[in-house]
Structure formats: C-alpha cells, structure tokens
Novice: 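This is the structure I want to talk about, given as structure tokens.
Sequence lines set the chain letters: A, B, ... in the order given, protein chains first and strands last, and positions in each chain run from 1.
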Amino acid sequence: MSQNARYNGKASWEEWRQTWQNEERYNFRTIEKKWQQIWQDEKAYKVEIDHNKEKFYALVEFPYPSGAGLHVGHPRSYTALDVIARKKRMQGFNVLYPMGFDAFGLPAENYAIKTGVHPAISTKENIANFTRQLKSLGFSFDWDRCFNTCDPEYYKWTQWMFIQFYKHGLAYKDKMAINWCPSCKVGLANEEVVNGHCERCGADVVRRDKEQWMLAITKYADRLINDLDQVDFIDRVRSTQINWIGRSEGAELEFELTDNSGNSLGKKMVVYTTRPDTTFGVTYCVMAPEHQFVGELMGMFENADDVRQYVNETAKKSELQRTADTTKTGVELKGIKARNPYTGALIPVFISDYVLTGYGTGAIMAVPAHDQRDYDFAKVFHLPIVQVLAGGDISEAAWEEDGTHINSGFMDGMDKKEAMAAAIKYAEEHGFGHAKVNFKLRDWVFSRQRYWGEPIPMVYCEHCGWQPIPEDQLPLTLPEVPDYRPNDNGDSPLANATEWVNTTCPKCGGHARRETDVMPNWAGSSWYFLRYCDPHNDKEFASKEALDYWMNVDWYNGGMEHTTLHLLYSRFWHKFLYDCGYVPQPEPYQKRTSHGMILASDGEKMSKSRGNVVNPDEIVENYGADSFRLYEMFIGPFDQVAMWSEESLNGVYRFVGKVYSLFKKVYADKDAPMSDEDLRAMHKCIIEVTERIDQMKFNTAVSSLMTYVNHLATMKMIPAQMYATLLKLLSPFTPHLAEEMWARLGGKTLIVTESWPVGDAKLAAENEVTVAVQINGKMRGTINIAKDADKTEVEAEALKLDNVARQLEGKTVKKIIVVPNRIVNIVA
RNA sequence: GGGGUUGUGGCGGAACUGGUAGACGCGCCAGACUCAAAAUCUGGUUCCCUCGGGAGUGGGAGUUCGAUUCUCCCCGGCCCUACCA
C-alpha cells in the first residue's frame, strides 16, 4: 500500500502527525475524498473466487439511472447492505457486493423524443452522474463488476435467454386485449397499470387488441408459490407474492345451453367456481360480454340489438371505467337458457361486465345468496335468491360465511369440506366437470412498442413463420432511427428502420422481417445478479465455475414496490434457466428483505412538484458521507417508512465530530489497563452492534455505539484498544472516519482488512444488578445486589427498604415473587 | 371488499422468551465559555401533584403477583391490491 497517500503525501506517520495534531475540527471533505481515492487505487473491494473462503453475496436492486440523480431513498438500501457486507468481510467472508445500472427504460426515450438527444447519450451521462454520487458515499462495491443492461455485451445474453424461452415453448406470440396507453402509445403489462391509469404518464388505459410476445410465467405459478418454502423472505414479501399469484382451488362445470323449451343448442358453457358445493343455489349464469358464445349465438337472441349495444359499450370502456363503477349492469340473453347440471333446472343467462374475460373461463354460475356481487346483480334484475348455506340473513345481503348445506339435495347436512368433495365427485361421475386450480397471475406481456429496449431477436418469414435469429449473430443491436416516436398504429419506432427490418430468414434464406417490438424494462433486471458473478465473460452469460461459487444471492434487499414485478419475474426467469441446466439452484435469492421508504419532512413522498426533494449531493457537501450514511441507519426501523429530518441528521453529525475529538484522549500506550467497567462497556457494545446488524436493527446498533461513545466521553484518558474497537464497530457505518482515525492511531493496513471484534458475554455481564422492588405490582424502589444473589437474600434486602416498610404497614405479606436479577414483587 | 402493516413523551423512536416504560437522538430549559451570537461542554426534561403520592404505551374488557408485550371486542393511520367468481 502506498504509505504516502495514507499519510497525505508525508513520508512517515510522525511527519503526518505534525499536520493534524492541532486540528480542532474534523475536515470530512478532504478526509472522505482521500479514502475514496485510496480504496479505488488499491481496489480495496475487488473480489475474486477464493475457494479457501466462505463466500457471501450481498445484493441491492440496481438503480435506473434517471436524470434526476440519486434519491435519498437509494442509500438507505445501499448503506444497509454495505454495513452488512463490510461486517461480513471483516468476519472473514469473501464478499461480493456489486452495483450496476438498469439502463433501458421510458424516461430516457421520452427525453429523446423531447430533446432529440439519443437515449444512449443521456443514459451514459446519467450513469456517470450516478457513479459519481455512489462513489461519494463510500460504498464498498466492486466497481470492476459494474455493467449496464443497455450495453450490447450484456443484452446479447438477455436476447439469448429469450431465444431459449422461445425454443422451450415459453415465449409465444398471441393476439390479445392488452392495456394500451393512448398517451405513451405503448402496451402495458397488467402490473404497469395503476388504478386504470398508465403507471408512467397517468393517462386512462384502454383495451386494444395487439399481437404480443408473451412469456408463460403461469406455467411456473405453482412452483413460484411452493418454492417460497425453500427461501427466507420476510413475511410481507412472501404473502404479497402468494397473493399476487392468487391461487384458488375450485372446479370447472359445464352448463348446457338450450332454447327456451330446453332443447340443446349443442353448446356447453364452462364456468369456473370455487364453490361447486353451492350449485343448488344457482339462479342464473353470466358470461363476459367478450365471451365467444355471445357472438356465435347472436342470431338466437330475441333482443340481439340490446346485446350488441352492451357488448360495444363494454369494449369502449377503459379498465378504469369498468372497475370504478361497481353498480351492476347487464343484459339477459333472451331466447336461451342454461341447464344446471346438478338440478336440471333451466336458468336465465346474462352478459355483464362484472364477469371478466381474462379470469377463469369468462363465465360464471351465480349464487346470489352467498356472493355479494351476484346478490347485487340479482337485486337489480329481480332474480330469485336461494339460500343453500344455513346461518345469516339473506334479506339484506349475501351470506358469505360458511354454514351447513340446506336445499342442496345430496349435499344437505354436509359441511363445506364434505360438500365440496361430494360436488366434485358427482360432477366427475356424470362427466360434466372436474376440479380445477386457477391463478390470478397472467402470462407476461413481453413486447413493447418502443425504441429504448432490447430488440427481440426474432424474424418473421412468410414461409417458415417466426424464427429466432442464430445465436452466433447475437447481439442484435438497436439500429439508429430518425424518430423515437411510436406511431399511432402502435408500431415501434424500429418499424421505420426499413433496412434493419428487412432481412433474410435464417431457415429458408428467403425474405423475412424483423420483430420491431422491444423487450420490457423488466427483462434486463431479471438476471443481472447472475452477470455480476462473471461480468466480462464473452462466451457465456456467466461461467459455471462462477455461478457454482457465488450463487445464490445470500441477501437481497430492495423496495416493496418490486415485490410483485421484478421479484416474481426474476424468480421465474431463474427457474427457467435452472430447468435448462444453466444455473445451479432453483431459487436465486436465499434471503429477501425490504426497506421502508424515506419521506420528506412533511410526511409526503419526495417529489419535484412538491419541491420537497432532498439532494444527496448537498447532504454530502454539508455533513459528509459518513454522517449521511449513519443518519440513514439511525433514522428509524429499517423496514418502516421514515421521515427525513435535517435536525436529526445534525445530531448524528455531532456524534461523528465527537468520535473525532475523543481521539485526543486516547492513550499512546496500547496496553493501558481497562477497568472492569470499561471492559464491560466495550464488550457490551461489541455484542449489541454485532447482533443488531445481523437483525437489521441498524437504528439500535447506532444507539449502542452512541452509548459506548458516551462512556468513552466520561473517561479522562482512553486506552487505545477501546478506541480501536470503536473504530472497527463504526467502520461499516462511517468507513472514512474509521479509516482516518485508524491510520492516526498507527494502523498500517486498511481497517477494512482488520478482523471484526468478538464480544465476550462474561466480560459484558454486570456483577451487581439493580433489582426493582414492587408491592402489588407497583414500583416502590430498587435495590443493588450481587448478580445471581440468593433468593432469600434478595427478599430480605427488599423488605429493608424504608419505602417498602412504610407501604406494608398494617398489611400482611401473602407472597413474595422473586425474578432473579430482575424484580421482587411483594403481594400484600 | 381482500391482503399487509402500524398506533408509546413536544418529535423520531427503545424495551430480550410478560418483569424498573420512555434507551439513543432531536427539540426544549438552566448553567459554563463569549462583549454578544454560533459552535462546544455540563446538568435537567412523560404528565399531574397538597411532594406522601397519583396517572400513563389508541379505546374497552380479560388472563396474570405483574401486560407496550398474551386473548377478545372496538377505533384510527399508512401501504399494496381490487367486480379474480
């Protein structure tokens, strides 16, 4: 290591000392820059595979490099895992803590449309700015592994993986109603539609048919739920995922369609229900207006005009309009009936937009007595309501609780479980139905009619159909285009790059056209953690050796907002690669935690429009990176929302200054003795900080450090060991300060390379304890007594207290409860 | 409607498997230093009080010698999701 850099260019520690020994204030500006330079020059955080060491892979969600720069929310996650990574490193682990950029995305493209600046250029600038900001915070990333997803060397593999999906039949093209944003002129995934609005621009989303590439994530739905048992995800992430996948068990039942007299029309309407046991309460059926039978049977309907009109109205409605208004509307399909397969009864059939075409079979059997939506509909259309579950009063509302079956033929008297089994058995025996599991999860719409994304590596040949481009021709790079605007037909800007679009079929050599849609921005982030293992590999996305050594990710932290999208997609993607034999484990992340958002001091989300955004650069400039980091760890419970407070930040800043100034009291003699009390304070701090970092209780870990510093502050002189221990414990939080003071203390190596202190519980233990004395559960005083003192001795001491004697006057002691080292409760 | 999460001083928040509620920090008050201010340092700081005490962790009940912690009911905040049959 270059001693000069360490000693600010001086030849020796002694010479260097002359320059700072009279310094009053902690000059964080120069000191932080100095250490960042040293870490960079010495590649202090670079890691390689080392089979002699246990690995630890810490991961945070890589940012989208927006033009706005780093948000104070980013460092909450980054600092937390930096603290964990640094501690693990000092505990002897080979730690991989990488950073990169999720660089494809709409903002860069929208910016290009506005200004004409190519997304590649603005993205590059933004990445440079983000990198500068991240480096200014002293994170221990291995920068040699940094990459961004819009680099062809990276997306080459994203495209390669898409081809694997295609080859395994999991990528397919389908014409389907998609969410269409008329403002962005882009198809959106369900997940990108927020309350019927476009997630990005807020415009009303409408439905529109479009040929889309789809990824068959639903084929993995069961495994995405079941394999959660193999990993350690915090409860809310786990339950959110399960909820999103939305598994439900029920049955598909066939209802034969007939004319008014009960003559079969030769069509069987399949409905999905989670309660086949309630079929005796079915009084009508409903199909989605888009259901194929509606068109096919149009000629049968006596009120065909009304039906057509309703179908048209529904088609025009946006998602928002369709879901916002829960008043039931619909039209009866006059002229046809459905036959209840259990009872043989003929019941009316309706169409209504409360039945969705995308879930189940797009048709339902309605049980108004026991489903509120059916109940509401039945009230509007004056349909009979037949109770089949006992309990409740159905005169006002549906009874949605369980109850013994009544009016249910062979199921009478049964409970839910028995009746479900009986109903399904009956359906199977009579050949009109079977048990069926359904999911809310839909297949992943993988096409975007956009420019700034990975080109989908497929060509269409009139003779051979869709063909993947040969893998040795990857990457298929984005062509230059004159205009980034999607056209009103919904075609991608790539459609205008005629030369690029027209190509030859890899199979027959004839004329073919390239796919002009690009991938969604979730593509690149679905496997980036694999690339970190071996980022410069140009033969494979990562070598087997690297994947075997580094995977899984041991600890992944990120925002709750990515729980349903990124986290689910990347788990699916990884499972697919696992099935193909490309990665060693079925799950990518061993442990997933989530941090709370940082709100502005007014309790609102930080936003440009509110003008309450805190700029990290200013914080670093005014308080220093260490104070910033430490404050973000101290701000509150890590998993909960926190409000930014510059006053609290100032308190932490004072603490940093205090640690600096305590150095003046440090004994030159390293072997100076410590009192039992000092030893106790030190070991207590070691134990608490170590435990609390592991539990992500960073705020109380910092409290422990503060308590320890308060102890040091009361001492006249501080033994070097006590101060050195403080620096080591502090180093994950405030690495610059720790390095500087470590060097001033005479440390010849980076504190990063030192080992983490080990606490001794025996030394941390008090030998005298304060025991509370209560009478009837009320505090009346305390006694100081030897630890683990004899019960009778404790009782005797407690009774000796003046206050206790006074309170007990005229009362008889019935019982004395002694909790060792804690409490004495006298019951009188 | 469904799911999750949360409610403790003036504020952010501590409190291990039920055992001295308010750690730590902010703010505030007083003192020191200063012509003064900032910065820094020292002490105090849940509320009420007749200075004996009393009340107190959203509200109400319960279990217990003892409840912020466990059980039941009710009220509120925040986040996600939503006509998913």
Novice: Can you tell me if Tyr359(A) touches the phosphate of A85(B), counting only side-chain N or O atoms and a distance under 4.0 Å to OP1 or OP2?
Specialist: yes
Novice: Compare the minimum distances between each of G27(B), U20(B), G53(B) and the side chain of Ala772(A), then state the nucleotide with the smallest one.
Specialist: U20(B)
Novice: Paired with U63(B) by Watson-Crick or G-U wobble geometry, both distances under 3.5 Å: which nucleotide is it?
Specialist: none
Novice: Specify the residue among Arg275(A) and Ile635(A) whose closest nucleotide of RNA chain B lies further upstream toward the 5′ end.
Specialist: Ile635(A)
Novice: Please report the C-alpha distance between Thr314(A) and Glu290(A) in whole Å, then the side-chain angles of each, then the deciding distance to 0.1 Å, and finally whether the side chain to side chain contact (heavy atoms under 4.5 Å, CB included) criterion is met.
Specialist: CA-CA 9 Å; Thr314(A) 308; Glu290(A) 299 89 344; 4.2 Å; yes
Novice: Give Asn821(A) one of three labels, base, sugar-phosphate or nothing, depending on what nucleic acid heavy atoms sit under 4.0 Å from its own.
Specialist: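 Here Asn821(A) touches no strand at all.
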Novice: Taking only the side-chain heavy atoms of Asn825(A) (C-beta and beyond), determine which of A55(B), G4(B), G66(B) contains the nearest atom.
Specialist: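 My answer, after comparing the listed nucleotides, is G66(B).
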Novice: Can you confirm whether or not the ring centre of Trp644(A) sits under 6.0 Å from the ring centre of Tyr631(A)?
Specialist: yes
Novice: Counting only side-chain N and O atoms of Arg654(A), is one of them less than 4.0 Å from OP1 or OP2 of C24(B)?
Specialist: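 No, Arg654(A) has no side-chain N/O under 4.0 Å of OP1/OP2 on C24(B).
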Novice: Measure NZ/Lys664(A) against P/U40(B) and give the value in whole Å, please.
Specialist: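 Lys664(A) atom NZ is separated from U40(B) atom P by 13 Å.
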Novice: For Val827(A), which contact category applies under a 4.0 Å heavy-atom criterion: base, sugar-phosphate, or nothing?
Specialist: sugar-phosphate
Novice: Nearest to the Glu647(A) side chain among C24(B), C83(B), C26(B), which nucleotide is it?
Specialist: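 Between C24(B), C83(B), C26(B), the one nearest the side chain of Glu647(A) would be C26(B).
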Novice: Expressed in angstrom and rounded to an integer, what is the separation of Asn710(A) atom CG from U42(B) atom P?
Specialist: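 Atom-to-atom, Asn710(A) to U42(B), this comes out as 9 Å.
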Novice: As an exercise, state the distance from OG1 of Thr770(A) to CD1 of Ile783(A), rounded to the nearest 0.5 Å.
Specialist: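 Answer for the OG1-CD1 pair, Thr770(A) versus Ile783(A), is 9.5 Å.
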Novice: Taking C-beta and beyond as the side chain, do Tyr354(A) and Ile364(A) meet within less than 4.5 Å on heavy atoms?
Specialist: yes
Novice: Within 90° of 0 counts as syn, otherwise anti: where does G52(B) fall?
Specialist: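 Here G52(B) takes the syn form, which means its glycosidic angle is within 90° of 0.
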Novice: At 4.0 Å (heavy atoms only), tell me whether Ser645(A) reaches a base, stays on the sugar-phosphate, or touches nothing.
Specialist: nothing
Novice: Using a 4.0 Å heavy-atom cut-off, does Gly246(A) contact any base of the nucleic acid, only the sugar-phosphate backbone, or nothing at all?
Specialist: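 It contacts nothing in the nucleic acid.
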Novice: What interatomic distance, in whole Å, is found between P of U69(B) and the corresponding atom of G56(B)?
Specialist: 13 Å
Novice: Among U20(B), A85(B), G12(B), which nucleotide sits nearest the side chain of Thr770(A)?
Specialist: U20(B)
Novice: Compare the minimum distances between each of U20(B), G25(B), A85(B) and the side chain of Met779(A), then state the nucleotide with the smallest one.
Specialist: U20(B)
Novice: Between C65(B), G13(B), A21(B), which nucleotide gets closest to the side-chain atoms of Lys815(A)?
Specialist: C65(B)
Novice: Now, which nucleotide makes the Watson-Crick or G-U wobble pair with U69(B), with each of the two distances under 3.5 Å?
Specialist: none
Novice: Spell out yes or no: do the side chain of Lys328(A) and the base of C83(B) have one donor N/O and one acceptor N/O closer than 3.5 Å?
Specialist: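 Donor-acceptor pair under 3.5 Å: yes.
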Novice: How far, in whole Å, is A14(B) from G22(B) if one measures between their C1' atoms?
Specialist: 7 Å
Novice: What is the distance, to the nearest angstrom, from the CG atom on Leu599(A) to the P atom on C11(B)?
Specialist: 18 Å
Novice: Could you check which of A85(B), G53(B), G13(B) has an atom nearest any side-chain atom of Leu356(A)?
Specialist: A85(B)
Novice: Would you measure the distance from the C1' atom in U46(B) across to the matching atom in G10(B) and give it in whole Å?
Specialist: 10 Å
Novice: Can you tell me the pairing partner of C49(B) across any strand shown, Watson-Crick or G-U wobble, with both distances under 3.5 angstrom?
Specialist: none
Novice: Is a side-chain N or O of His370(A) found less than 3.5 angstrom from the main chain of Trp399(A), in a donor-acceptor match?
Specialist: yes
Novice: Are His405(A) and Phe280(A) close enough that some pair of their side-chain heavy atoms sits under 4.5 Å apart?
Specialist: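 Side chain of His405(A) against side chain of Phe280(A), heavy atoms only: no contact under 4.5 Å found.
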Novice: Quick one: Lys684(A) NZ to A23(B) P, roughly how many Å, whole number?
Specialist: 13 Å
Novice: Could you tell me the Watson-Crick or G-U partner of G1(B), where both distances fall under 3.5 Å? Say none if there is no partner.
Specialist: U81(B)
Novice: To the side chain of Ile823(A), which of U20(B), G54(B), C65(B) is closest?
Specialist: U20(B)
Novice: Which part of the nucleic acid, if any, lies within contact of Lys436(A), taking any heavy atom under 4.0 Å across all strands shown: a base, the sugar-phosphate backbone alone, or nothing?
Specialist: nothing
Novice: Any side-chain heavy-atom pair from Phe655(A) and Val702(A) closer than 4.5 angstrom?
Specialist: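 Not in contact.
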Novice: Would you kindly check whether a donor in the side chain of Arg822(A) faces an acceptor in the base of C16(B), or vice versa, at under 3.5 angstrom?
Specialist: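 By the distance-only test, yes, there is a pair.
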Novice: With under 30° as parallel and over 60° as perpendicular, where do the rings of Phe28(A) and Tyr26(A) fit, or are they tilted in between?
Specialist: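 Phe28(A) vs Tyr26(A) ring planes: tilted.
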Novice: Within the 4.0 Å heavy-atom criterion, would you say Arg25(A) contacts the bases, only the backbone, or no part of the nucleic acid?
Specialist: nothing
Novice: For Thr782(A), which contact category applies under a 4.0 Å heavy-atom criterion: base, sugar-phosphate, or nothing?
Specialist: base
Novice: Under a 3.5 Å limit for both distances, which nucleotide forms a Watson-Crick or G-U wobble pair with A32(B), could you say?
Specialist: U40(B)
Novice: Looking only at side-chain atoms of Asp371(A), point me to the closest of A85(B), A55(B), G25(B).
Specialist: A85(B)
Novice: Can you tell me, in whole Å, how much space there is between the P of A55(B) and that of C49(B)?
Specialist: 15 Å
Novice: Can you tell me the base-pairing partner of C11(B)? Count Watson-Crick or G-U wobble geometry only, both distances below 3.5 Å, and say none if there is no partner.
Specialist: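 G25(B) is the nucleotide pairing with C11(B).
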Novice: For Arg806(A) and G53(B), is the shortest distance between a side-chain N/O and OP1 or OP2 below 4.0 Å?
Specialist: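 Looking at the OP1 and OP2 atoms of G53(B), one of them is under 4.0 Å from a side-chain N or O of Arg806(A).
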Novice: Less than 4.5 Å apart, any side-chain heavy atom of Glu254(A) and any of Met269(A)?
Specialist: no
Novice: Counting any heavy atom closer than 4.0 Å, what does Arg780(A) reach on the DNA or RNA strands: base, sugar-phosphate only, or nothing?
Specialist: sugar-phosphate
Novice: Measuring only the P atom in each nucleotide, how far is U68(B) from U63(B)? A whole number of Å is fine.
Specialist: 16 Å
Novice: In whole Å, what separates the C1' atom of A67(B) from that of G62(B)?
Specialist: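 Pairwise C1' distance, A67(B) against G62(B), rounds to 11 Å.
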Novice: What nucleotide, of C24(B), A14(B), G52(B), holds the atom closest to the side chain of Thr700(A)?
Specialist: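 Minimum distance to the Thr700(A) side chain belongs to A14(B).
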Novice: How many Å lie between CD on Gln774(A) and P on G18(B), as a whole number?
Specialist: 16 Å
Novice: Taking the C1' atom in each of G9(B) and A21(B), what is the distance between them to the nearest angstrom?
Specialist: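 Each nucleotide's C1' atom is 11 Å from the other's.
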Novice: If the glycosidic angle sits within 90 degrees of zero it is syn, else anti. Tell me which applies to G9(B).
Specialist: syn
Novice: Indicate whether OP1 or OP2 belonging to A55(B) is found under 4.0 Å from a side-chain N or O atom of Lys778(A).
Specialist: yes
Novice: Specify the residue among Gly358(A) and Met643(A) whose closest nucleotide of RNA chain B lies further upstream toward the 5′ end.
Specialist: Met643(A)
Novice: Taking the P atom of each, how far is C29(B) from A39(B), in whole Å?
Specialist: 13 Å
Novice: What is the distance, rounded to the nearest whole Å, between atom CD of Gln640(A) and atom C1' of A14(B)?
Specialist: 13 Å
Novice: Please confirm whether Lys328(A) makes a cation-pi placement over Phe377(A), using NZ or CZ under 6.0 Å from the six-membered ring centre and within 45° of the ring normal.
Specialist: no
Novice: Is the phosphate of A23(B), meaning OP1 or OP2, less than 4.0 Å from a side-chain N or O of Asn699(A)?
Specialist: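 Answer is no, no contact under 4.0 Å.
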Novice: Separation of Asp694(A) atom CG from C16(B) atom P, in whole Å?
Specialist: 18 Å
